[in-house]
**Student:** 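Starting off with a structure, shown below.
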Amino acid sequence: MLASGVNNTYVPEMTGARSLYVIDDRVDWRAGITGALWGPFIALTTIGEVSMTSAETMVENVTGALAPHERLAALRVVDHGWRDGLELGDDLVTETSFDRLAPVLSALRGHFACGGFVHFMGCHVALKPRLMHRFARLWNVPVYGGTGATNGYKMNCGDWVEVRPCGRRAKATGWPRPGQ
């Protein structure tokens, strides 16, 4: 179980749904000395996570981890973020590159439970609400991200922001939990 109190198990209030972490668990020296080991450390302290090295492997590994008819209550994506976008393994997702990656990413759309959501856990992801909105529309679920430096243990030196598929935004939402 993570320090956040969330693990990758069945969520009773959402029948047939589970929370799942997908993590780029490689050492990333591009993130500097403090961020290089972030993914591997989160992976070591998470039970049942799946790894990713790109947007394509994220989709493959997430869908491969689900049992038939099982849906995602929460998909927590652990990789680096910055003011212009976020990383999905080696893929840098910005408003410019989103259209190139959307065909691959769209394969996750039908895998969310009613009330499911995506939580991007990289730093500064919510500073690009238009990009978050594009993900929310693509997957038809709310998308959460932080405005500050974040980590996998609820720390965010800013606000958690929710962006819904309709475009509505909510700030200071707190750590998103399934069934709230």
Side-chain angles (χ1 to χ4, degrees), residues 1-25 38-39 41-52 55-79 81 86-89 93 101-102 104-122 125-126 129 131-147 150-156 159-180:
M1 180 153 317
L2 287 173
S4 65
V6 177
N7 62 14
N8 297 329
T9 58
Y10 176 74
V11 181
E13 64 272 12
M14 300 176 85
T15 303
R18 70 185 256 201
S19 293
L20 184 65
Y21 278 70
V22 59
I23 303 172
D24 184 349
D25 57 4
W38 185 62
F41 184 75
I42 300 297
L44 282 172
T45 59
T46 306
I47 298 169
E49 80 280 3
V50 296
S51 64
M52 68 171 157
E56 185 174 352
T57 62
M58 179 184 90
V59 171
E60 289 171 359
N61 295 343
V62 167
T63 57
L66 297 172
H69 307 295
E70 187 175 40
R71 297 291 175 250
L72 291 164
L75 178 61
R76 300 196 194 268
V77 181
V78 181
D79 207 341
L86 58 104
E87 295 178 13
L88 297 176
V93 186
L101 296 167
V104 169
L105 295 169
S106 66
L108 288 177
R109 183 179 176 106
H111 292 281
F112 292 93
C114 181
F117 62 87
V118 173
H119 181 194
F120 288 115
M121 296 170 61
V125 171
L131 181 59
M132 288 178 61
H133 182 228
R134 293 183 80 181
F135 278 105
R137 280 193 344 242
L138 181 70
W139 293 326
N140 198 34
V141 295
V143 172
Y144 292 82
T147 59
T150 63
N151 69 18
Y153 303 102
K154 295 189 183 182
M155 196 258 338
N156 177 10
D159 290 314
W160 290 113
V161 175
E162 173 195 46
V163 178
R164 294 195 164 266
C166 66
R168 192 186 88 200
R169 297 180 206 160
K171 212 173 191 186
T173 61
W175 180 268
R177 293 183 317 266
Q180 49 178 32

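Position 1 is the first residue of the sequence, and the numbers go up from there.
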**Student:** So, do Val104 and Met58 sit near enough that their side-chain heavy atoms are less than 4.5 Å apart?
**Tutor:** no

**Student:** When you compare the side chain of Val163 with that of Phe135, does any pair of heavy atoms fall below 4.5 Å?
**Tutor:** no

**Student:** If every non-hydrogen atom of Ala55 is compared with every non-hydrogen atom of Leu101, which pair is closest and at what distance?
**Tutor:** CB-CD2, 4.3 Å

**Student:** Do Leu20 and Val62 make a side-chain contact, defined as non-hydrogen atoms from C-beta onward lying under 4.5 Å apart?
**Tutor:** yes

**Student:** With rounding to the nearest 0.5 Å, note down the distance linking CG in Leu72 to OG1 in Thr63.
**Tutor:** 9.5 Å

**Student:** Counting distance only, does the side-chain N/O of Thr147 pair as donor-acceptor with the main-chain N or O of Asp159 below 3.5 Å?
**Tutor:** yes

**Student:** For residues Asp79 and Glu87, report the shortest heavy-atom separation together with the two atoms involved.
**Tutor:** CB-O, 3.1 Å

**Student:** Where is the tightest heavy-atom contact between His133 and Pro165, given as atom of each residue plus distance?
**Tutor:** NE2-O, 2.9 Å

**Student:** Looking at Gly145 and Met132, what are the two nearest heavy atoms and their distance?
**Tutor:** N-CE, 3.5 Å

**Student:** To the nearest 0.5 Å, how far apart are CZ in Arg137 and CZ in Arg109?
**Tutor:** 10.5 Å

**Student:** Could you report the tightest heavy-atom contact between Ala65 and Glu70, atom names first, then the distance?
**Tutor:** O-OE1, 4.1 Å

**Student:** I'd like to know if the side chain of Arg71 and the backbone of Leu66 have a donor-acceptor N/O pair within less than 3.5 Å.
**Tutor:** no

**Student:** Testing the basics here: between Val125 and Gly81, what is the closest heavy-atom pair and its distance to 0.1 Å?
**Tutor:** CG2-CA, 4.1 Å

**Student:** Quick one: does Arg164's side chain have a donor or acceptor within less than 3.5 Å of a partner on Ala136's backbone?
**Tutor:** no

**Student:** Name the residue from Phe117, Phe120, Trp160 that meets the ring pair (Phe, Tyr, Trp, His ring centres under 6.0 Å) definition with Tyr144.
**Tutor:** Phe117

**Student:** Could you tell me the separation between the CD atom of Glu56 and the CG atom of Leu105, rounded to the nearest 0.5 Å?
**Tutor:** 10.0 Å

**Student:** Counting C-beta onward and ignoring hydrogens, is there a side-chain heavy-atom pair between Leu86 and Val77 closer than 4.5 Å?
**Tutor:** no

**Student:** Quick check: does any side chain N or O of Trp139 sit under 3.5 Å from a backbone N or O of His111, one acting as donor and the other as acceptor?
**Tutor:** no

**Student:** Determine whether Tyr21 and Val78 make a side-chain contact, defined as any pair of heavy atoms from C-beta on separated by less than 4.5 Å.
**Tutor:** yes

**Student:** List the steps and the verdict of side-chain contact (heavy atoms from CB on, under 4.5 Å) for Leu75 and Val141.
**Tutor:** CA-CA 10 Å; Leu75 178 61; Val141 295; over 6 Å; no

